[in-house]
Amino acid sequence: MLQLIEKILADVEGFKAENKEQVEEFRLKYLSKKGELNKVFEEFRNVPNDKKKEIGQKINALKQAAQAKFEALQNNHCNDDDSDSLNVDTSLPEMPMELGSHHPISIVRNEIIDIFSRIGFTVSEGPEVEDDWHVFSALNFPPEHPARDMQDTFFIERNPDILLRTHTSSVQVRMMEHTQPPIRSIFPGRVFRNEAISARAHCIFHQVEGLYVDTNVSFADLKQTLLYFAKEMFGTKTQIRLRPSYFPFTEPSAEMDISCSICGGKGCSVCKGTGWLEILGCGMVDPNVLKSCGIDADKYTGFAFGMGVERIAMLKYQVKDIRLFFKNDTRFIKQFEAAK
Ligand code: DAH
């Protein structure tokens, strides 16, 4: 009898259940009416009186062990999914992983970088939080000059000398301050303007600035560089025209238009009937700027240009609303990788 009790105890303790069904098997095998424990209790009747005490204690211990084991098994499997009651076909293939894609602004930015890299321009970046010197003063904006209002600026309240850059022309200054010519670089980056958001304007957007400083750099070099860029970006049939303009940091200054790629120059709603689309500002670096940055203005000349990446993307892909670039709707963003 003692041997039997010990064998059952060892079996109970060694029992392993993988799932709810096996927990139930345990209950039936040991704890149910016809289970092993009840059989032992029945046998107990035949135990001689002088052994009853000893064997009775063993049987009680066995009963407690079996009950404790059953509770432990139940706890382990109480959260098991009842896969039969879930209407899931586990043999179906899994949902395909969604692949990411480049944002259209990144695509156009990278294309601009590629185009200028092919003619020897290096790429540099500067800080978005800037000081007055790099955004305005060194670029020949005198204090209180109305030209500062051309760009509505976000200032830091506690220190009006610190601001969010309104253009990437600030990186020209940083470049010239620590590098002597020849300099041939472009500076892509994010810029900030305190402007109302509309279909045509946003308070955050992207620009690419270009700078070339060396001996004998001429306006003809500027024009030829920009013609090359326009043809690479918008197609070989593209023509450019330069209109006189004003920027404090360039003299002379110009704005560049490209022939409208939608109507081929005949005039349409996109170019407002003119056949031309404005895409960037440019000019010869003002000698005052060279001097502010520690470059010998008698020895060197240079040209600079700056363009808005959103503007180029809107023209290239015929996007009518700049806000689409910032909404992060993947149905919009995903369309451009293949169109590249
Ligand atoms: N910084 C000007 C802007 O944000 C763009 C610009 C115009 C850059 C003429 C230049 C330039 O380098 O020469 O409106």
Side-chain angles (χ1 to χ4, degrees), residues 109 112 116 121 123-128 130 132-141 145-154 163-177 181 183-195 200-214 217-227 229-230 240-258 277-290 292-293 295 297 300-312 314 322:
R109 172 188 177 276
I112 296 170
F116 283 102
F121 280 73
V123 184
S124 291
E125 288 184 27
E128 294 176 349
E130 263 291 8
D132 180 279
W133 169 256
H134 290 94
V135 176
F136 294 124
S137 299
L139 288 166
N140 205 32
F141 288 81
H145 193 278
R148 287 178 181 239
D149 296 340
M150 285 162 73
Q151 301 170 357
D152 295 315
T153 310
F154 286 114
L163 43 99
L164 297 181
R165 67 179 177 194
T166 53
H167 55 181
T168 42
S169 303
S170 52
V171 195
Q172 280 190 35
V173 177
R174 290 191 174 271
M175 186 74 184
M176 288 190 279
E177 277 174 342
I183 297 169
R184 205 191 292 149
S185 288
I186 54 169
F187 316 113
R190 198 156 54 152
V191 300
F192 307 84
R193 288 191 197 175
N194 191 0
E195 273 180 26
R200 304 200 48 168
H202 209 284
C203 57
I204 300 176
F205 56 100
H206 300 79
Q207 288 189 329
V208 176
E209 183 82 12
L211 177 70
Y212 181 23
V213 184
D214 203 346
V217 176
S218 71
F219 201 90
D221 297 325
L222 169 63
K223 194 178 163 191
Q224 214 49 40
T225 305
L226 294 179
L227 177 62
F229 166 71
I240 63 166
R241 85 177 175 185
L242 292 164
R243 282 177 291 103
S245 183
Y246 172 75
F247 299 101
F249 36 92
T250 41
E251 182 59 35
S253 303
E255 273 165 306
M256 185 175 99
D257 300 338
I258 55 164
L277 298 162
E278 183 196 319
I279 63 156
L280 55 80
C282 60
M284 300 305 292
V285 181
D286 193 301
N288 282 342
V289 175
L290 295 176
S292 293
C293 301
I295 287 181
Y300 296 109
T301 51
F303 68 67
F305 55 86
M307 64 185 91
V309 181
E310 280 78 1
R311 168 114 182 116
I312 300 218
M314 285 170 85
I322 194 171

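From a predicted model like this one, the values you see are computed outputs, not experimental measurements. All ligand and atom numbering here is 1-based and tracks the order in the structure.
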Check your understanding: Where is the tightest heavy-atom contact between D152 and T166, given as atom of each residue plus distance?
Key -> O-CG2, 4.1 Å

Review point. Going by the order shown, which atoms of ligand 1 are within less than 4.0 Å of some heavy atom of F247?
Key: 7 (C), 9 (C)

**Study point:** Donor-acceptor contact below 3.5 Å, side chain S124 vs main chain F187
**Key:** no

Point to revise | Which segment of M256 sits under 4.0 Å of ligand 1 when only heavy atoms are counted | key: neither

Review point. Do N140 and S292 have side chains that get closer than 4.5 Å, going by heavy atoms?
Key: no

**Study point:** Under 3.5 Å: donor-acceptor pair, side chain of R165, backbone of V135
**Key:** no

Point to revise | Ligand-residue contact atoms, ligand 1 with R193, heavy atoms, under 4.0 Å | key: 3 (C), 4 (O), 14 (O)

Exercise for review: Using a cut-off of 6.0 Å, state whether more than 12 heavy atoms not belonging to E177 lie near its atom CD.
Suggested key: yes

Point to revise | ligand 1 contact by M284, heavy-atom criterion under 4.0 angstrom | key: no

Review point. Between Q207 and ligand 1, does any nitrogen or oxygen pair lie at a separation below 3.5 Å?
Key: yes

Check your understanding: Is the closest heavy atom of E255 to ligand 1 under 4.0 Å?
Key -> no

Review point. Counting from 1, what ligand 1 atoms have a heavy atom of G283 closer than 4.0 Å?
Key: 13 (O)

Review point. Would you call E125-R109 a salt bridge at under 4.0 Å N-O?
Key: yes

Practice item. Can you spot which of H202, H206, R200 makes a side chain to side chain donor-acceptor pair (under 3.5 Å) with E310? Key: H206

Review point. For atom 12 (O) of ligand 1, which protein heavy atom lies nearest, and how many Å away is it?
Key: E209 OE2, 2.6 Å

Check your understanding: Polar-atom distance check: G281 versus ligand 1, any N or O pair below 3.5 Å?
Key -> no

Practice item. Could you check if a side-chain atom of F205 sits within less than 4.5 angstrom of a side-chain atom of R193, using non-hydrogen atoms only? Key: yes

Check your understanding: Is ligand 1 less than 4.0 angstrom away from at least one heavy atom of Q172?
Key -> yes

Study note, to complete from the structure: Residue, atom and distance of the protein heavy atom nearest atom 8 (C) of ligand 1 read G306 N, 3.4 Å

Exercise for review: With heavy atoms of A304 as the reference, note each atom of ligand 1 found under 4.0 Å away.
Suggested key: 12 (O), 13 (O)

**Study point:** Close-contact set for ligand 1 against S169 heavy atoms, below 4.0 Å
**Key:** 1 (N), 8 (C)

Point to revise | Side chains of I295 and P181 in contact at under 4.5 Å (non-hydrogen atoms) | key: yes

Point to revise | Non-hydrogen atom of F249 closer than 4.0 Å to ligand 1 | key: yes

